[in-house]
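Naming: A, B, ... by sequence-line order, numbering from 1 per chain. Here the structure is a predicted model, which means the values were calculated and not measured.
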Amino acid sequence: MNKLLLLDGNSLTYRAFFALPPMTDASGRNTNAVYGFTMMLLKLMEDERPTHFAVAFDASKKTFRHDTYADYKGGREKTPGELREQFPIVREICEAFGIQVLELDNYEADDIIGTLSKRDEFDNVTIVTGDKDLLQLIDDRVTVYLTKRGITDVETMDETAFKERYDGLNPRQMIDLKGLMGDKSDNIPGIPGVGEKTALKLLNAYGSVEGLYAHTAELKGKQKEKVEANEHEAKLSKQLATIHTDVPIEVDVDQLAFHPYDVSKVKPLFMSLQFKSLIGKLQTDEDAVEPAPRQEVTHIELDAQDLSRAVLFLEQLREDYFEEPMIGVAIASSAGVTVGDASLLKTDIVKEWLADEARRTICLDAKQTIIQLKRNGLTLVGYEDLLVAGYLLNLSGGTTLDSIAAHFEHTLPEDDAVYGKGAKRHIPERDVLEQHLAEKAMAILSLFDHVAAALVENEQTSLYEDLERPLVSVLAEMEWAGIHIDVATLQAMEQDLGGRIEQLESEIHHLAGEAFNINSPKQLGVILFEKLALPPVKKTKTGYSTAADVLEKLAPLHPIIEHIMHYRELGKLQSTYVEGLQKVVKEDGKIHTRYTQTLTQTGRLSSVNPNLQNIPIRLEEGRRIRKAFTASEPGWVLYAVDYSQIELRIMSHMSQDEKMLDAFLHDEDIHTSTAANVFKVAKEDVTSLMRRQAKAVNFGIIYGISDYGLSQNLGISRKEAQTFIDTYFEQFPGVKRFMDEAIERAREHGYVETMLKRRRNIPDIHSRNFNLRGFAERTAINTPIQGTAADIIKKAMIDVDQALRTSTLQSKLLLQVHDELIFEGPKEETEALEKLVKQAMEHTIQLDVPLRADGSFGETWFDTK
DNA sequence: GCACGCACGC
DNA sequence: GACGTACGTGCGTGCG
């Protein structure tokens, strides 16, 4: 694939000069046009990745067009000196990047571009210019990027876009258009009184300038007179506008070849021009443009593989494995790599391998692999998972193949560099793809050993082998099963909400005295705090805060506020849930979320596309969303069961605080009990306010919030919040001791651990920055609690899965929401299911207080309350 | 495409 | 005194 990028040097430099404010370097040279041009250059190199690259300039003032028409480009403002002096620097920049600079005596840049664009060595040509004349060069291979207002913003003009813009005209008719309407800037006359509208109409009727003059008899009145009187001008204008595609430019295709640029040549030039911000871009561009040194890979045939210990890697362009196709398959072992497509999977060798539990297949992401294989009718039995194993090491910089590789000093090319990113993501050429897949598969093989060794070092092998690894297939089954959605319920809600939102909107606009976008905090801020002059309670980085807690304070001051709050509530439901969920219902009538097992800092799962871990429950209106979640078969029901106070039970176990242990051992209401202690009253005398405040304190402990956070939650002063905390610690000295010890452990080891040895590094514990250190200390306390809760429910999931497998029940685990599991099953199984699930959840681990799991059945998720 | 403000859950 | 405050995902806006 040869891809030629052609820049109109004059046009782009000119445009940059007028678009940017004046800039100079240390020696006083003007640099704004150079700067703008360079920004454009960097962006194009990054986005377009051409194989060939040239910039064309106008050579001299005189061209062959002046021979035809002496006044060509006459009356033009003289190029200002501040701009003229920048052209040589622009050339210098191009040369430093290794881009071919072209110019030709007697011809304009347009003609050079035109000639090169028609060379048949290129599969694809992109021209970048601000000059619409060049649009005439568009064809099925040639695309023009027209610069828009800014510097780096362009409009893509291909055949379709051109037709759209010019009322069905062909790009070649651009010259006829110019012939009729002329061009002020080039002093091309055209026909007086004919503008774009008239010219388009005439061309649609007669096809060309010549066509028009063959039919002037059909014209009438003034128009006829003007057209007839200006035949010479029209034909001359067309001639002038015609770009020559056969000029004698002597340049080899090889001379246009574009290679990764040499930073050592560009950087000094940038330094002297004082392009500091662009130097930063240079380095990242360099990474992307410069191909990483290729790793030696030995390609072998499948039947030469050693599958006793081998990697299976299935590549996708994007992460959604329910939607994305496999774009390639790589199998790697110590014997070498085999690369191919999905057909590799259908071979007997592979089928046998995947079905053999003793030969654990090493995956980068086993859940992705399992689902992709399932989509292809295949089953993976025994697996390892590099990302899951790497996650447990809590390496800095997230859990990706890249970050794990970087940690073990293994370099490999980045996906974004090979596939492109965003809208430009694409399958590369076959040999590029195969090399990339081979390198990744080899990296997975070698990194897995390193990570496994590190797990042994950390005493985390059991955490991996007995918890996280088996959880992968449990999650895969849950995702694959999906949860059924009654779309009609959502449609009905959409209708209802739509009407109410509209009403609220007009009421709000009425009260504001004008229409505005309520969803724009910026516009809302202007209405509330300027027009209505309400007192701004809080500010954000960018302006007034209009967050819910602010609105609550403003509610008594103006009737518009409660409507806005209501509007927000309904708008959120509508866009995120009612509309959002319908968008992700698959053909089977179900939603298949994807859980991420390797993301959170605490060991919890997260859920995406959609997130089923934040379906509304607190407000009744939102809770109704849950009516749309139903069992997938007639005669089946949902069963939702959640751990009661699991974090506080863990807290009591870990801290061994007597009062807390006692409360749980006597199965007391923990918030009432906490309130009785903190407020020093009998349990019977605890008021609802006391209980609410005690609950907030308990909540604060679980989530590791600060006195400030607590004060915000309770709407009290920071001092009062601190008093609450002090009294709490007085009453629960074991908790205080536990917290101090957690911080001490973090200081000593640099990390904290959960009961099952999940680890979180806390480097900021030694920070001299008060905020960072405070945050680190709360993390040291909170992570062992929240993380242990995550350990426990994960273990319960594995136990429940195992128990269901060995039972005769048909019921299935569908969802996990941090401390809650949701199942579906036949009504006849409810009793057995409840017994099995409660047993597994409550006894998956032995604490010094009992674990309690409470559940209920319902036709919909809403009804399981 | 990205940062931000906002809002939902645990 | 420190000025920012658990863990996530997703929506809409507004900017380059």
Side-chain angles (χ1 to χ4, degrees), chain A residues 39 43 46-47 148-153 421-425 516-525 538-551 564-565 567-581 583-584 593-596 599-619 621-623 625-626 642-643 645-647 699-713 718 721 760 767-783 785-787 789-790 793 815-820:
Chain A
M39 282 204 334
K43 183 168 157 52
E46 167 80 16
D47 292 354
K148 293 204 292 192
R149 282 197 157 200
I151 311 282
T152 56
D153 223 10
K421 53 182 177 179
K424 293 187 169 44
R425 195 103 169 154
F516 67 102
N517 186 345
I518 309 165
N519 283 321
S520 163
K522 194 173 159 185
Q523 294 182 33
L524 180 60
K538 207 165 62 170
K539 284 205 293 190
T540 67
K541 262 183 237 176
T542 50
Y544 310 110
S545 169
T546 64
D549 59 326
V550 172
L551 296 185
I564 292 168
M565 291 165 71
Y567 176 90
R568 283 240 177 108
E569 185 192 342
L570 301 191
K572 173 77 179 176
L573 288 179
Q574 185 79 312
S575 67
T576 304
Y577 298 106
V578 175
E579 293 170 354
L581 288 175
K583 283 187 196 141
V584 291
T593 187
R594 284 176 292 123
Y595 290 102
T596 314
L599 183 91
T600 67
Q601 293 293 306
T602 53
R604 280 183 170 183
L605 302 174
S606 75
S607 153
V608 292
N609 197 31
N611 183 354
L612 290 185
Q613 292 182 317
N614 72 344
I615 302 302
I617 190 165
R618 259 185 45 250
L619 301 174
E621 186 92 52
R623 193 174 197 153
I625 297 284
R626 296 179 174 228
D642 70 313
Y643 275 119
Q645 305 296 349
I646 187 166
E647 283 99 348
F699 178 86
I701 285 161
I702 292 165
Y703 291 134
I705 61 172
S706 58
D707 54 353
Y708 182 87
L710 182 63
S711 74
Q712 291 297 301
N713 274 343
R718 192 166 153 168
R760 180 172 183 178
S767 173
R768 284 158 310 282
N769 178 312
F770 173 84
N771 287 316
L772 286 182
R773 193 174 64 247
F775 182 49
E777 288 174 355
R778 296 199 299 278
T779 303
I781 295 163
N782 160 251
T783 298
I785 300 169
Q786 205 186 108
I793 193 154
L815 303 178
Q816 189 251 41
V817 189
H818 306 310
D819 65 352
E820 178 183 14

*When you look for runs of 3 or more Watson-Crick or G-U pairs in a row, both distances below 3.5 Å, which of them include DNA chain B?*
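Paired runs of 3+ in DNA chain B: B:1-9 with C:7-15.
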*Tell me which nucleotide among C:dG4, C:dC11, C:dG8 gets nearest to the side chain of A:Thr600.*
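Closest nucleotide to the A:Thr600 side chain: C:dG8.
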_Given C:dG12, C:dG4, C:dG14, the nucleotide with the shortest approach to the side chain of A:Gln523_ =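 Nucleotide nearest to A:Gln523's side chain: C:dG14.
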_Both A:Ser706 and A:Asn519 contact DNA chain C. Which one's nearest nucleotide lies toward the 5' end?_
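The residue closer to the strand's 5' end, by nearest nucleotide, is A:Ser706.
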*Could you check A:Thr783 against A:Thr602 for side chain to side chain donor-acceptor pair (under 3.5 Å), going step by step and ending with a plain yes or no?*
CA-CA 6 Å; A:Thr783 298; A:Thr602 53; over 6 Å; no
Identify whether any heavy atom of [X] sits under 4.0 Å from a base atom; if not, whether one sits that close to sugar-phosphate; answer base, sugar-phosphate or nothing.
| X | answer |
| --- | --- |
| A:Leu599 | sugar-phosphate |
| A:Asn609 | sugar-phosphate |
| A:Gly422 | sugar-phosphate |
| A:Ser607 | sugar-phosphate |

*Determine the Euclidean distance between corresponding P atoms of C:dG4 and B:dC4; express it in Å to zero decimal places.*
13 Å
_C1'-based separation of B:dC8 from C:dC3 [nearest Å]_ = 26 Å
*Check whether any side-chain nitrogen or oxygen of A:Thr602 sits under 4.0 Å from OP1 or OP2 of C:dA6, and answer yes or no.*
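No, A:Thr602 has no side-chain N/O under 4.0 Å of OP1/OP2 on C:dA6.
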*Tell me whether the OP1 or OP2 atom of C:dC7 has a side-chain N or O from A:Arg760 closer than 4.0 Å.*
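Yes, within the criterion.
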*No-H, no-angle donor-acceptor pair, A:Arg768 side chain to C:dG1 base, under 3.5 Å*: no
Please identify each residue that fulfils side chain to side chain contact (heavy atoms under 4.5 Å, CB included) with [X], with sequence neighbours left out.
| X | answer |
| --- | --- |
| A:Pro616 | A:Leu573, A:Tyr577, A:Ile625 |
| A:Ser520 | A:Asn517, A:Lys522, A:Gln523 |
| A:Thr542 | A:Thr540 |
| A:Asn771 | A:Asn769 |

Calculate the interatomic distance between [X] atom [atom1] and [N] atom [atom2]; express it in whole Å.
| X | N | atom1 | atom2 | answer |
| --- | --- | --- | --- | --- |
| A:Phe516 | C:dG12 | CZ | C1' | 15 Å |
| A:Gln574 | C:dG12 | CD | P | 10 Å |
| A:Gln816 | C:dT9 | CD | C1' | 15 Å |
| A:Glu579 | C:dT9 | CD | P | 22 Å |
| A:Tyr595 | C:dT9 | OH | C1' | 13 Å |

Does [X] have any salt bridge (Lys or Arg N to Asp or Glu O under 4.0 Å) partners at least two apart in sequence or in another chain, and if so, which?
| X | answer |
| --- | --- |
| A:Arg594 | A:Asp320 |
| A:Asp642 | none |
| A:Lys538 | A:Asp549 |
| A:Glu569 | none |

*Which nucleotides of nucleotides 5-10 of chain B have their base under 4.0 Å from a protein heavy atom (B), which only their sugar-phosphate (S), and which neither (-), written as one string 5' to 3'?*
SSBBSB
*Contacting residues from residues 771-782 of chain A, given that a heavy atom lies under 4.0 angstrom of DNA chain B*: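 The answer is none.
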_pair A:Ile793-A:His818: side-chain heavy atoms closer than 4.5 Å_ = no
_Side chain proximity check, A:Ile615 to A:Leu612, heavy atoms < 4.5 angstrom_ = yes
*asked:* According to side-chain hydrogen bond (donor to acceptor under 3.5 Å, both in side chains), who are the partners of A:Arg425, at least two apart in sequence or on a separate chain?
replied: A:Asp416
